[in-house]
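Step one of this worksheet: look at the structure below.
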4 protein chains.
Amino acid sequence: MSSIEDDRLSGTARDEDSASACAIRAKRNQILAGAGTVFLASGYEGASMSQIAREAGVSKGTLYNHFDGKASLFSAFFEEQSRTKLDMLFAAVNDDGLDFRTGLIQLATAVVKVLLSPASMSLYRIIVAEASQFPNLADTFWRYGFARTLDSLSTWLARKAAEGVVVIDDPALTAEQFMMMCQTRIVQRRRLMLPVEDDAASIQKLAVFTADSFLKIYGTEHQ
Amino acid sequence: MSSIEDDRLSGTARDEDSASACAIRAKRNQILAGAGTVFLASGYEGASMSQIAREAGVSKGTLYNHFDGKASLFSAFFEEQSRTKLDMLFAAVNDDGLDFRTGLIQLATAVVKVLLSPASMSLYRIIVAEASQFPNLADTFWRYGFARTLDSLSTWLARKAAEGVVVIDDPALTAEQFMMMCQTRIVQRRRLMLPVEDDAASIQKLAVFTADSFLKIYGTEHQ
Amino acid sequence: MSSIEDDRLSGTARDEDSASACAIRAKRNQILAGAGTVFLASGYEGASMSQIAREAGVSKGTLYNHFDGKASLFSAFFEEQSRTKLDMLFAAVNDDGLDFRTGLIQLATAVVKVLLSPASMSLYRIIVAEASQFPNLADTFWRYGFARTLDSLSTWLARKAAEGVVVIDDPALTAEQFMMMCQTRIVQRRRLMLPVEDDAASIQKLAVFTADSFLKIYGTEHQ
Amino acid sequence: MSSIEDDRLSGTARDEDSASACAIRAKRNQILAGAGTVFLASGYEGASMSQIAREAGVSKGTLYNHFDGKASLFSAFFEEQSRTKLDMLFAAVNDDGLDFRTGLIQLATAVVKVLLSPASMSLYRIIVAEASQFPNLADTFWRYGFARTLDSLSTWLARKAAEGVVVIDDPALTAEQFMMMCQTRIVQRRRLMLPVEDDAASIQKLAVFTADSFLKIYGTEHQ
DNA sequence: TATGAATGAGGGTTCATTCAT
DNA sequence: TATGAATGAACCCTCATTCAT
C-alpha cells in the first residue's frame, strides 16, 4: 500500500517535475526569443539586458535566473539561431535527381537566398564583430552553418566526381570555393549595406553565372 | 594709407589664418591617429572617448572641438583609414608586364595578403558590424577600397580580353568574382577567427589554385 | 466511541504535532547550521540568503517559512552561536584545586585561546560591526559569553578574597580588569589582523605575565 | 621680451595650476567629508556610492573622477580619519611635569575619552569588521593610532624606570597592558553597545582605579 | 582653442523577498 | 510545508558629453 502511494507520489512528482521543467524551458525560450530580437537588431555590445528583459516580457532578474550573464545568454542565443536559421543552407544541398547543372544552379540560388536572409545576415555581422571576444561563437556558427553545408556539398561533389561528371582533386576546397563564388556581388555588397539588386531574377542570373563558371572549371562535358 | 594698412592687416590675418588652419589640421590628424589605434583595436562600441583622448595625447574636450561627437569622429577615422590603408589593394593590380597567369597569381597573392592584414581585417570587422548604424561607412569603404581595386581589375581584364587572352562578357562582374574566389578558405576563415594555415606557402598555393580556376573559366589557351 | 475516537484522534494529532514539531525544529537547526557557516565566514552583509539556503541544503523559500527574514535568521544564528560556542570561556573558570597563581595562569591561557578561536573571533567581529544595527546582538553575546564568565570569575575571586589569598574590593570590576589584561597584545592585535606571535609558548608567556601582574595588584603574600 | 612674456605666461599658468589644484583638493576633501559621514554611520558594506555622492553634494561620476572606486575611497577616508581623529590619543601622553600617579590618571582619562569618542569608536567598528578584506586598514589604524601612542607611552615609561619611579622589564609590553587596562568595563562595554555609565565621574573613577592598579604592579614607592 | 572636472543616464549584476505550485 | 522561479530595487561602475576656466 505504501508502495502504491509511493508510486502515485513519485508519479505526481514526476508530473510536476516535467511540468515545471517544461515551464522553465518555455520561459527560457521566451527569453531567447526576446534576446534574439534585440541581439539581431543591435549586436552584442549594442544590446542591453534591460532591453532584452523588456522585449522578452520578463524582469531583469529572471534573465539571471536562466543564464549566467549577458555573455552566456548571448552564446545560447547564438547557438539557437545557428541551429535553426542555417538549416536551409544545409538542406539546400540535399535535393537531387536533377541534372548536374540544374542542381548547381538551384544550390547557388538557395545559398544566396539563405545568406541574404535577415537572420543569417545579422548572425554574420555579429560573428564577424565579436569573433575576437567570443572565440567559440565562430565555432558554433561554423559547425551549425558552413561546416554542415560544406560537408554535404563536398560529399555530393565527390559523388559526382566518382560518376565522372566532374574532375575534382580536393572536394572540400572546391566546396569552399563554390560557396565563395556564390557570394559574388549580391551577398558581398549586401553585407556592406551597399545598394545592389537582389530580386529573384538577379539572384537567378547570378546563380546561372556561378554554376556555369563552376562547370567550366570542373566539368568534363563542356566540349 | 588705409589700403596699405588694410593689405597688411589682411595679409597678417591671412597668414595667421593659414597658420592656425594648419595647426588645427595637425591637431585633427593627431586625434585621428589616436582614434585609429583605438577604433581598430576595440571597434566602435568598445572604444571610449577617454581612451582616444589619452591615445591622441589631447584632452577630451579637444575631441569635441574638432569633431561633433563619437559618431562623427568615427566616420572621419573610417574615411581616413579607408583612404590610406587600402592603397595596397589598389596598387596590387597595377604592376604589369608579366604573362597573364603569373599576373593573376601575383594579384591573388596580394589580395589575400592585404585582406589578411590587421588593418583591413579590423576595418572589415568594423564595417560589417556597424554598417547598419553608419550607412555611409560602407560607402566610404567601398569607394576607397574595393571600388578602386575592382575598377583597376576590370580595366585590366578588359584590356586582356581585347588582347584575346581571355573571353569576358562582363569584366566588372568577373572582377568581383575573382575577388571573391581569392577569399576562399583562408580569408573567409580568418574573418570568423577559425583556425587556418595562413603562412606564405599556403597563400601561394591558394593563389595558384584561384588563378588556375579563373583561367579555366575565362582563358582561351587552355586547350 | 466518539470519546475513543476523539482520544485516538487527539492522540494522533498530538503525535503528529510533536512529530512535526520535531521535524520543524530539526529543519530549523539545519538552517541555523548553514547560516552559521556562512555568517561566520562572511559576516551579516556579506552573507546572502541563497548561499545560506545552499549551505543548509534547503530552498530559499524554506528559510522564510522558518524565519521572518535575514535579520531574524541572523539574530537566531547569533543566539545559537553565543549559547554553544562561548561555553569554553565559561568552563575555563570552573576547574579548581590548584594553587591560586597556577589557577590564574591556566585561566588566562584559556581565555586567550578561546578569544583567539575562529568562532569567537568571528562572533566578535560580527557583533562589533553590527552592534548598532542589531541592538540585542550585544546583549545576547554578553549574556551567553562574557557575563557568565565574569560571574564565575568574580565569584571565584570573592571566594579567594574570603580565604585571604587576595584583597579585592569590587570583584566584578576586578574580573573585568583581568579579562582585559588577558587581551593584551595577542588578542588585541589579532582582532586588528596585525601580525603577532600566537603560538602556545607566546600565549603561555603572556598568561604568566598577566597572572603575575594581577597578583601584584591583588595578592597578599607577595612580600 | 618674449622671455618676459614667457615668464608672465608661466606665472599665469602656475597660478591657474595651483588654483585648479586647490579646487581639486577642495572637492576631494568635500567628497571625503561626505564619505566620512556615510562610512562612519554605515560601515563599508552598508555605505553606497549614491549615498556618499548625495551626502558630499556631488554626482556619482565625480566620485570616480577622484577615486578609483569604493575601496579606494574607503581607504582614503580611513587614512584621513586615522590621521586626524586619533591625534588626541597621541597627544595625551605628552604632557608631563606632574607627579607620576597624576600623570597616569590623566593619561588613563584621556585614553578612555578618546576611545569613547564617536569617531574612534566607529573607526574601531569598521576596522574590526573589514580587517580581513582590507589588510592595510588595520595597518593604517595602528600606525596612526595605537602605534604612536604606544611609542610615546613606552618611552615615557622607560624614562620613569630610569628615574627609579617604576620597575619595568619590557616597556613596550607594559604600555600595551596599560592601554588594555584602560579599556576595562566602559570602553569594552560601549564597543558592544551595552549599557554602561560613561559620565566624567565614572571615567575618572576608572582612571584612578587603573592608575593605582598599574602602580601596584610597577611602582617602587608604594610601601 | 584647450582643458579636464562634473555630470547623470545607463551599463551589467546581485539579492532579499514573494508566491504559485 | 517545501520549492525555486520571478521580481525589482539597489548595487558599483562607465562613459559620452558639457562647460567653466
Side-chain angles (χ1 to χ4, degrees), chain A residues 12-13 15-17 19-21 23-24 26-28 31 45-53 57-73, chain B residues 20 23-24 27 45-54 57-73, chain C residues 20 23-24 27 45-54 57-73, chain D residues 12-13 15-17 19-20 23-24 26-28 31 45-53 57-71 73:
Chain A
T12 305
D15 286 0
E16 281 174 2
D17 275 13
S20 84
I24 289 176
K27 185 69 73 175
R28 197 186 139 98
I31 292 172
E45 306 265 19
S48 86
M49 294 298 266
S50 306
Q51 224 179 328
I52 292 172
V58 300
S59 75
K60 238 191 313 180
T62 299
L63 260 41
Y64 289 87
N65 286 335
H66 288 265
F67 299 92
D68 283 342
K70 193 185 184 184
S72 174
L73 174 55
Chain B
S20 82
I24 288 177
K27 186 71 80 175
E45 304 265 19
S48 86
M49 294 297 265
S50 305
Q51 223 180 327
I52 292 171
R54 206 180 316 123
V58 301
S59 75
K60 243 189 303 184
T62 301
L63 260 43
Y64 287 85
N65 286 332
H66 288 264
F67 299 92
D68 282 343
K70 193 184 183 183
S72 172
L73 174 55
Chain C
S20 83
I24 288 176
K27 186 70 81 175
E45 305 266 16
S48 86
M49 294 298 266
S50 305
Q51 224 179 329
I52 291 171
R54 206 179 316 123
V58 301
S59 75
K60 244 190 304 185
T62 301
L63 259 44
Y64 288 85
N65 286 332
H66 288 265
F67 299 92
D68 282 343
K70 193 184 184 185
S72 171
L73 174 55
Chain D
T12 305
D15 285 0
E16 282 173 1
D17 276 14
S20 84
I24 288 176
K27 185 69 75 176
R28 197 186 139 98
I31 292 172
E45 305 266 19
S48 87
M49 293 299 266
S50 306
Q51 223 180 328
I52 292 171
V58 301
S59 76
K60 237 192 309 184
T62 299
L63 260 41
Y64 289 88
N65 286 335
H66 289 265
F67 299 92
D68 283 341
K70 193 186 183 184
L73 173 55

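Numbered from 1 within each chain, the chains take letters A, B, ... in sequence-line order. These numbers come from the heavy atoms of this one structure, side chains and all, not from hydrogens, waters or symmetry mates.
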Identify, between A/Lys27 and C/Lys27, the residue whose nearest nucleotide on DNA chain F lies closer to the 5' end. C/Lys27
Whichever of D/Ser50 and B/Gly46 has the more 5' nearest nucleotide on DNA chain F, that residue is D/Ser50
For D/Gln51 and F/dC13, give me the distance from atom CD to atom P, rounded to whole Å. 15 Å
For the CG atom of A/Asn65 and the CZ atom of A/Arg28, what is their distance to the nearest 0.5 Å? 13.0 Å
Counting Watson-Crick and G-U wobble pairs only, both distances under 3.5 Å, name the nucleotide matched with F/dG4, or none. E/dC19
Whole Å only: how far is the CD1 atom of C/Ile52 from the C1' atom of E/dC15? 12 Å
OP1 or OP2 of F/dC11 versus the side-chain N and O atoms of D/Ser48: is any pair under 4.0 Å? yes
Restricting to side-chain hydrogen bond (donor to acceptor under 3.5 Å, both in side chains), what partner residues turn up for C/Ser50, sequence neighbours left out? C/Lys60
Minimum-distance pair of heavy atoms, taken over all atoms of B/Leu63 and B/Met49: CD2-O, 3.4 Å
Nearest heavy-atom approach of A/Lys27 to A/His66 is CG-NE2, 3.5 Å
D/Ala47 near the nucleic acid: base, sugar-phosphate alone, or nothing, with a heavy-atom cut-off under 4.0 Å? sugar-phosphate
Shortest non-hydrogen contact between B/Gly69 and B/Tyr64, atoms and distance: CA-CE2, 3.8 Å
Separation of E/dA2 atom P from B/Arg54 atom CZ, nearest Å, is 20 Å
Between residues 57-68 of chain A and DNA chain E, which residues have a heavy-atom gap below 4.0 Å? A/Lys60, A/Tyr64
Identify the nucleotide, in any strand shown, that forms a Watson-Crick or G-U wobble pair with E/dA9, with both distances under 3.5 Å; if there is none, say none. F/dT14
Who pairs with B/Ser59 by side-chain hydrogen bond (donor to acceptor under 3.5 Å, both in side chains), at least two apart in sequence or on another chain? B/Thr62
Looking for any heavy atom pair under 4.0 Å, which part of the strands does C/Ala71 touch: base, sugar-phosphate only, or nothing? nothing
Mind listing the closest non-hydrogen atom pair of D/Glu45 and C/Glu45 along with its distance? CB-CB, 3.8 Å
What integer distance in Å separates A/Lys70:NZ from F/dT14:C1'? 13 Å
Rounded to whole angstroms, how far apart are CD1 on A/Ile31 and C1' on F/dA5? 10 Å
Let me spell it out: for each of B/Ile24 and C/Glu45, pick the nucleotide of DNA chain E with the closest heavy atom. Which residue's pick is nearer the 5' end? B/Ile24
Mind calculating the distance between CG (B/Leu73) and C1' (F/dC15) to the nearest angstrom? 15 Å
